[in-house]
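Report on one structure; see the data block that follows.
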Amino acid sequence: MPELPEVETVRRGLEPVLAGRVLAHVDQRRPDLRWPLPERFAERLAGRRVTGLGRRSKYMLIGLEADDRSPEETWIVHLGMSGRILVSGAMLGEFHHAAPGPGKHDHVIVTTDRGDVVTYNDARRFGARDLWPTAGLEAHPLLAGLGPEPLGNAFSGTALAAAFAGKRAPVKAALLDQRVVAGLGNIYVCEALHRAGISPKRLAGSLSRSRIERLAGEVVSTLNDAIAAGGSSLRDYRQADGELGYFQHSFRVYDREGAPCPTQGCGGTIRRIVQSGRSTFHCAGCQR
DNA sequence: ATGTGTTCCTGTCCGC
DNA sequence: TGCGGACAGGAACACA
């Protein structure tokens with residue numbers, strides 16, 4: 001499911017449910033996601049009050065107040081490919097599961113002191129979670145190597161040009177590299193490259209400065225447009241509040257093989273190719 | 001040191 | 001309908 005816009009959408013949906021609340025009950029179910037569960041995970045969460053929800057790249061960061069056993073900590077959540085978070089309970093005025101009991105892939109179920117139920121579900125279990133002192137969060141192994149936030153001040157054409165310098169990888173691969181810029185995935189890389197009129201096959205280090213400037217701007221506008229639409233819903237993915245994101249209707253190339261290129265006057269056809277084992281969608285007519 | 005291929009896991013879809 | 005294969009929004013890891 002999730003690239004940066006989807007994680008941001010989930011964060012915004014979850015914030016009013018969790019911020020300021022106490023995690024009254026934590027039901028830790030299947031322990032093995034991508035890595036084994038941290039020690040005493042459920043016990044360390046239970047009873048803690050949530051200070052707020054942040055995000056770094058595709059990681060959602062749930063801040064927890066200190067208690068008599070632990071300092072301030074952050075519950076780090078990564079949704080992997082198939083992770084989702086569902087909310088049910090009083091706040092939404094409904095209980096979303098008709099069938100009683102947790103689903104097969106519901107791995108963590110948290111009940112807040114207000115009675116809302118937050119369920120972390122991940123069929124493929126590529127997701128990750130950890131609990132880490134907030135004071136040293138940037139040193140967490142999963143966060144330490146990340147490049148700049150594309151919607152933050154540190155990201156710019158200058159920054160992107162510096163990261164691309166000397167790179168022999170195709171620009172598609174370079175943008176997927178989380179050390180270059182953090183938070184893009186397969187969909188938004190394809191979309192931003194199309195908006196920028198750049199071939200995904202072009203080597204990152206060979207792009208002119210002006211084209212990199214354009215690309216940096218299109219990365220930002222693509223992500224902002226997607227966040228404004230509530231992210232993209234593929235298959236049955238749902239937002240935290242149960243609404244569907246609708247940016248998938250704005251895809252210009254992703255999953256549109258064979259469709260006419262939407263660029264005005266281009267007349268090309270969207271093609272699918274494979275780059276480092278992953279689908280790339282592009283138009284050879286207007287992406288050079 | 002970089003760049004690419006493989007791998008983790010389950011579900012879904014498509015062709016036969 | 002069933003079955004096999006391809007493919008899926010990620011990214012760590014092994015290897016050239």
Side-chain angles (χ1 to χ4, degrees), chain A residues 1-11 29-37 55-60 76-85 103-107 120-130 140-147 150 163-193 200-206 219 222-223 226-227 229-240 244-251 253-258 272-281:
Chain A
M1 177 235 323
E3 303 181 35
L4 187 155
E6 290 74 37
V7 177
E8 178 60 20
T9 298
V10 169
R11 190 197 69 76
R29 307 180 58 74
R30 184 161 185 153
D32 51 325
L33 295 188
R34 187 180 185 100
W35 291 287
L37 197 67
R55 181 189 55 74
R56 172 77 170 103
S57 183
K58 302 171 193 173
Y59 294 89
M60 189 158 58
I76 302 169
V77 179
H78 194 289
L79 298 173
M81 287 278 251
S82 54
R84 26 196 102 187
I85 289 177
K104 184 177 172 186
H105 301 298
D106 290 347
H107 304 309
Y120 175 91
N121 175 290
D122 184 3
R124 293 175 75 181
R125 307 205 309 279
F126 290 168
R129 63 216 141 141
D130 204 358
H140 189 280
L142 293 173
L143 304 178
L146 293 174
F164 279 0
K167 269 206 177 291
R168 311 271 301 149
V171 61
K172 160 81 187 302
L175 287 175
L176 279 177
D177 184 341
Q178 302 296 299
R179 296 168 300 185
V180 169
V181 53
L184 297 178
N186 209 28
I187 291 176
Y188 297 108
V189 166
C190 292
E191 293 296 311
L193 284 170
K201 295 190 261 193
R202 204 162 279 289
L203 300 190
S206 75
V219 164
T222 303
L223 294 175
I227 289 170
S232 303
S233 302
L234 273 61
R235 302 180 187 81
D236 56 354
Y237 161 66
R238 283 166 166 272
Q239 245 172 246
L244 292 168
Y246 53 88
F247 189 73
Q248 69 277 11
H249 301 304
S250 301
F251 289 169
V253 291
Y254 185 81
D255 205 20
R256 301 193 68 239
E257 183 179 19
R272 174 183 175 273
I273 60 174
V274 176
Q275 293 181 286
S276 35
R278 309 196 63 191
S279 289
T280 298
F281 298 91

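Naming: A, B, ... by sequence-line order, numbering from 1 per chain. Hydrogens, waters and symmetry mates play no part in the numbers below; they use all other heavy atoms, side chains included.
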Note to self: C/dG10, OP1 or OP2 - any side-chain N/O from A/H78 closer than 4.0 Å?
What the structure shows: no
Margin query: What is the distance, to the nearest angstrom, from the CD atom on A/E257 to the P atom on C/dC7?
Written below: 10 Å
Next item on the list: Would you tell me if any nitrogen or oxygen in the side chain of A/Y254 comes within less than 4.0 Å of OP1 or OP2 on C/dG9?
Entry: yes
Note to self: Counting only side-chain nitrogens and oxygens, does A/S279 get under 4.0 Å of the OP1 or OP2 atom of C/dA8?
What the structure shows: yes
Next item on the list: Go through the structure and list residues passing ring-ring contact (aromatic ring centres under 6.0 Å, His included) with A/H105, not counting sequence neighbours.
Entry: none
Check: OP1 or OP2 of C/dG10 less than 4.0 angstrom from a side-chain nitrogen or oxygen of A/Q178, does that happen here?
Finding: no
Notebook entry, point to check: Rounded to the nearest Å, what distance is computed from the CG atom of residue A/D122 to the P atom of nucleotide C/dG9?
Noted result: 15 Å
Checklist line | Rounded interatomic separation in angstrom, taking CZ from A/R129 and P from C/dA11 | finding: 17 Å
Margin query: If we ignore hydrogens and angles and just use 3.5 Å, is the side chain of A/Q275 paired with the main-chain N or O of A/P200 as donor and acceptor?
Written below: yes
Checklist line | Contact check, side chains of A/K58 and A/P2, non-hydrogen atoms, under 4.5 Å | finding: no
Next item on the list: Round to the nearest Å and state the distance from A/L33 atom CG to C/dA12 atom C1'.
Entry: 15 Å
Please list each protein N or O that sits under 3.5 Å from an N or O in nucleotides 2-4 of chain B, with the distance.
{"residue": "B/dG3", "atom": "OP1", "partner": "A/R168", "partner atom": "N", "Å": "2.6"}
{"residue": "B/dG3", "atom": "OP2", "partner": "A/K167", "partner atom": "NZ", "Å": "3.0"}

Check: When you compare C/dG9 with B/dG3, how far apart are their P atoms, in angstrom units rounded to a whole number?
Finding: 22 Å
Check: Can you tell if the side chain of A/R84 reaches within under 4.5 Å of the side chain of A/L79, non-hydrogen atoms only?
Finding: no
Distances under 3.5 Å between protein N/O atoms and the N/O atoms of nucleotides 8-10 of chain B, please, pair by pair.
{"residue": "B/dC9", "atom": "O3'", "partner": "A/R125", "partner atom": "NH1", "Å": "3.2"}
{"residue": "B/dC9", "atom": "O2", "partner": "A/R124", "partner atom": "NE", "Å": "2.9"}
{"residue": "B/dC9", "atom": "N3", "partner": "A/R124", "partner atom": "NH2", "Å": "3.4"}
{"residue": "B/dT10", "atom": "OP1", "partner": "A/R125", "partner atom": "NH1", "Å": "3.4"}
{"residue": "B/dT10", "atom": "O3'", "partner": "A/H105", "partner atom": "NE2", "Å": "3.1"}

Notebook entry, point to check: Excluding sequence neighbours, so at least two apart, what forms ring-ring contact (aromatic ring centres under 6.0 Å, His included) with A/Y254?
Noted result: A/F251, A/F281
Next item on the list: Toss me the dot-bracket line for DNA chain C: Watson-Crick and G-U wobble, both under 3.5 Å, 5' to 3', using | for pairs to another strand and [ ] for crossers.
Entry: .|||||||.|||||||
Next item on the list: With sequence neighbours left out, write down each residue that passes side-chain contact (heavy atoms from CB on, under 4.5 Å) with A/S206, or none if nothing qualifies.
Entry: A/R202, A/L203
Item checked: Spacing between A/I76 atom CD1 and C/dA11 atom P, to the nearest angstrom -> 14 Å
Notebook entry, point to check: Can A/E191 and A/T222 be counted as having a side-chain donor-acceptor contact under 3.5 angstrom?
Noted result: no
Next item on the list: Would you check if A/L184 and A/L223 make a side-chain contact, meaning some heavy-atom pair closer than 4.5 Å?
Entry: yes
Checklist line | Euclidean distance, atom CD of residue A/E6 to atom P of C/dA8 [Å, nearest integer] | finding: 16 Å
Checklist line | A/L79 CG - C/dA11 P separation (whole Å) | finding: 10 Å
Notebook entry, point to check: When the distance from NE2 of A/H140 to P of C/dA11 is rounded to whole Å, what number comes out?
Noted result: 14 Å
Item checked: Salt bridge flag under 4.0 Å for residues A/D122 and A/R124 -> no
Check: Does A/H78 reach the side chain of A/L142, with side-chain heavy atoms less than 4.5 Å apart?
Finding: no
Next item on the list: Using a cut-off of strictly less than 4.0 Å, decide whether A/R84 has a side-chain nitrogen or oxygen near OP1 or OP2 of C/dG9.
Entry: no
Item checked: Minimum side-chain heavy-atom gap A/L175-A/V181 below 4.5 Å -> yes
Check: Would you call A/R29 and A/D106 a salt bridge, using N to O less than 4.0 angstrom?
Finding: no
Check: If we take the P atom in both C/dA12 and B/dG11, what is their distance in whole Å?
Finding: 24 Å
